[in-house]
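This report refers to the structure that appears directly beneath it.
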There are 2 protein chains.
Amino acid sequence: MQINGECRVSRTAEETTPSPEDETGPARFDRIFGALRDRICLLAYPPGTVLSEVALAREFGISRTPIRRVFHKLEFMGLVQIRNGVGTIVTDIDLKTLKETYDLRKRLAELMGELSPVEITPDHLARIDDLIAETRALAPIRGDYDALARIINRLQGLLSDLTGNGPLREIIELLYYRVARIWFTFLPQLGWDDAIENQINELREIRTAMANNDIRSVGQYRSIDLQRMLTSLSRVLSEP
Amino acid sequence: MQINGECRVSRTAEETTPSPEDETGPARFDRIFGALRDRICLLAYPPGTVLSEVALAREFGISRTPIRRVFHKLEFMGLVQIRNGVGTIVTDIDLKTLKETYDLRKRLAELMGELSPVEITPDHLARIDDLIAETRALAPIRGDYDALARIINRLQGLLSDLTGNGPLREIIELLYYRVARIWFTFLPQLGWDDAIENQINELREIRTAMANNDIRSVGQYRSIDLQRMLTSLSRVLSEP
DNA sequence: CATGGTCATCCTGTATACAGCTTGATTTTA
DNA sequence: TAAAATCAAGCTGTATACAGGATGACCATG
């Protein structure tokens with residue numbers, strides 16, 4: 001339990017626009033929402049953190065009202081719980097819900113390739129090549145789990161772009177953001193070398209399927225990887 | 001396009017608590033949210049209706065602030081679109097998104113029986129027997145499509161209770177509320193007798209599977225019924 | 001008559017004061 | 001001392017005034 005005012009984690013490289021003065025209303029909402037979502041997802045606000053409306057309102061130079069709107073969206077997504085008189089608390093996930101979510105994500109990943117598949121473009125291939133290259137470049141810099149998490153986020157973004165069915169894409173993203181931080185919390189226990197190796201293997205599998213323009217296989221590989229993650233998580237979380 | 005102040009549809013039997021004076025905060029939110037969701041779903045507010053914060057605030061005897069929170073949740077669910085300076089507009093669905101949603105719902109219905117199935121209790125059977133009986137009782141009262149829609153809503157509620165996987169249940173419900181009103185809009189074009197007959201057949205299929213404690217078959221039947229709905233919808237919507 | 005500008009009038013967005021709730025420290029009491 | 005009551009300080013929830021955007025009616029102008 002931490003007050004977000006005290007929890008100034010070294011948010012190095014918060015990759016969002018630095019608050020342009022001429023941004024319109026919805027743009028500001030998206031910027032703040034994305035910033036808070038990423039802080040939660042990337043563990044700058046670990047589960048249990050108490051967020052304060054007034055503190056964040058001060059940080060972003062606005063009043064409580066727009067911050068509350070962002071909080072409500074985060075609550076709908078399941079990332080925080082708003083409790084009257086207490087604060088807005090970053091949620092944790094119990095083991096049962098975590099397993100149910102991964103079971104579902106596995107099946108949705110398979111559907112990704114079956115429902116209105118999209119054509120894979122050279123741009124898509126370039127993006128996954130980038131991810132592979134950056135992961136390899138990251139390997140010697142041992143322990144930068146934050147950078148690794150950002151790469152994993154970008155892989156999810158790429159897979160989203162490969163999901164032709166709009167509602168399915170939306171739901172896959174929603175479930176990803178619900179549980180990604182649990183995986184990120186676990187990564188250090190896996191160890192740097194294993195984490196990097198697993199990640200490169202996953203990226204290479206998916207790249208191979210993409211090169212064959214075989215989205216169905218992309219989904220199948222993703223499903224297998226999710227199963228592997230769930231297995232790793234269960235082993236650690238059930239026997240601490 | 002209608003102003004909700006003028007659009008006082010005969011909301012006979014709005015089956016919600018009649019605003020008890022001692023209800024706590026979250027209870028009031030749920031009551032108002034449920035009321036507006038049902039009005040949208042049951043076509044008291046058809047697509048294109050413009051909802052006004054002040055009008056609804058007056059109706060429920062509160063200020064704009066809680067109404068705005070409800071609107072934001074409805075927007076997150078995809079039932080309304082909030083437009084600055086204009087109003088909050090009940091959304092319509094384009095044919096492409098409708099098809100994508102039904103394709104996804106079909107697959108999710110199958111998953112219902114596969115992911116952590118629940119035990120079927122006599123209470124569940126009693127509920128579907130109720131639905132069958134009420135539908136039969138409704139048959140002679142030709143043209144009460146609103147009552148039929150409420151029965152369809154309750155079937156969805158029953159199927160939700162048969163979905164053991166929590167996140168899956170949540171998503172199935174979300175997608176149901178997104179497109180149910182489109183089906184309800186279409187029902188009168190199908191004709192009363194066909195609508196009733198289809199509905200009774202669907203209920204009987206599902207009841208049979210439930211009696212065998214076979215949730216997998218429940219999901220399969222539901223999937224087939226969704227396909228049938230999509231076919232009916234496509235036939236009408238693509239050739240007006 | 002056609003057309004462009006102006007403005008009145010709705011709406012939602014924002015800021016802010018105040019009310020109500022929660023919690024833990026403090027004080028009182030058995 | 002231990003336990004119960006009290007209260008202060010923080011938080012979110014609500015109401016409301018005001019700012020800003022969208023739209024259609026109206027009117028001036030070619």
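Convention: sequence-line order gives letters A, B, ...; per-chain numbering from 1.
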Worksheet, complete the sentence: The ring-ring contact (aromatic ring centres under 6.0 Å, His included) partners of F186(A) (sequence neighbours excluded) come to W183(A)

Practice prompt. Show your working on salt bridge (charged side-chain N to carboxylate O under 4.0 Å, His left out) between E173(A) and R37(A) and close with a plain yes or no.
Written response: CA-CA 12 Å; E173(A) 274 200 31; R37(A) 184 198 55 193; 5.4 Å; no

Discussion item. Test of understanding: with ring-ring contact (aromatic ring centres under 6.0 Å, His included), list the residues that count as partners of F29(B), not counting sequence neighbours.
Written reply: none

Item to complete: Using atom CZ of F29(B) as one end and atom P of dG20(C) as the other, report the distance to the nearest whole Å.
Response: 21 Å

Fill in: 5' precedence on DNA chain D between I62(B) and V86(A) (nearest-nucleotide basis)
V86(A)

Worksheet item: Considering residues at least two apart in sequence or located in another chain, which fulfil the side chain to side chain donor-acceptor pair (under 3.5 Å) criterion with R169(B)?
Response: none

Worksheet item: Heavy atom of residues 77-84 of chain B under 4.0 Å from DNA chain C: which residues?
Response: I82(B), R83(B), N84(B)

Item to complete: For K106(A), check side chain to side chain contact (heavy atoms under 4.5 Å, CB included) against everything at least two apart and list the hits.
Response: D103(A), S223(A), L226(A), Q227(A)

Discussion item. Please give me every residue in residues 64-72 of chain B whose heavy atoms get under 4.0 Å of an atom in DNA chain D, ordered by residue number.
Written reply: R64(B), T65(B), P66(B), R69(B)

Worksheet item: Roughly how many Å is it from CZ in R58(A) to P in dT14(C), rounded to a whole number?
Response: 19 Å

Discussion item. If the condition is ring-ring contact (aromatic ring centres under 6.0 Å, His included), which residues does Y145(B) pass it with, not counting sequence neighbours?
Written reply: W192(B)

Fill in: Watson-Crick and G-U pairing of DNA chain D written in dot-bracket, each distance under 3.5 angstrom, with | for inter-strand partners
||||||||||||||||||||||||||||||

Discussion item. With a cut-off of less than 4.0 Å, is there a side-chain N or O of S63(A) near OP1 or OP2 of dT16(C)?
Written reply: no

Item to complete: Output all residues satisfying side chain to side chain donor-acceptor pair (under 3.5 Å) with E53(A), sequence neighbours left out; order by chain, then residue number.
Response: R64(A), R68(A)

Per-pair distances, 0.1 Å, donor-acceptor, side chain in residues 87-94 of chain B, under 3.5 Å, sequence neighbours excluded:
unit_1: T91(B); atom_1: OG1; unit_2: G78(B); atom_2: O; d: 2.9
unit_1: T91(B); atom_1: OG1; unit_2: L79(B); atom_2: O; d: 3.0
unit_1: T91(B); atom_1: OG1; unit_2: R181(B); atom_2: NH2; d: 3.1
unit_1: D94(B); atom_1: OD1; unit_2: T97(B); atom_2: OG1; d: 2.8
unit_1: D94(B); atom_1: OD2; unit_2: K96(B); atom_2: N; d: 3.4
unit_1: D94(B); atom_1: OD2; unit_2: T97(B); atom_2: N; d: 3.2
unit_1: D94(B); atom_1: OD2; unit_2: T97(B); atom_2: OG1; d: 3.2

Discussion item. Output the rounded distance in Å from CD1 (I32(B)) to P (dG13(D)).
Written reply: 14 Å

Item to complete: Might you point out which heavy atoms bring E75(B) and I82(B) nearest each other, and give the distance in Å?
Response: OE2-N, 3.3 Å

Worksheet entry | Partner residues of S63(B) under the side chain to side chain donor-acceptor pair (under 3.5 Å) criterion, sequence neighbours left out | none

Discussion item. So if I take every side-chain heavy atom of E53(A) and compare against dA22(D), dT14(C), dT12(D), which nucleotide ends up nearest?
Written reply: dT12(D)

Worksheet item: What residues, two or more places apart in sequence or in another chain, satisfy side chain to side chain donor-acceptor pair (under 3.5 Å) together with Y176(A)?
Response: N153(A)

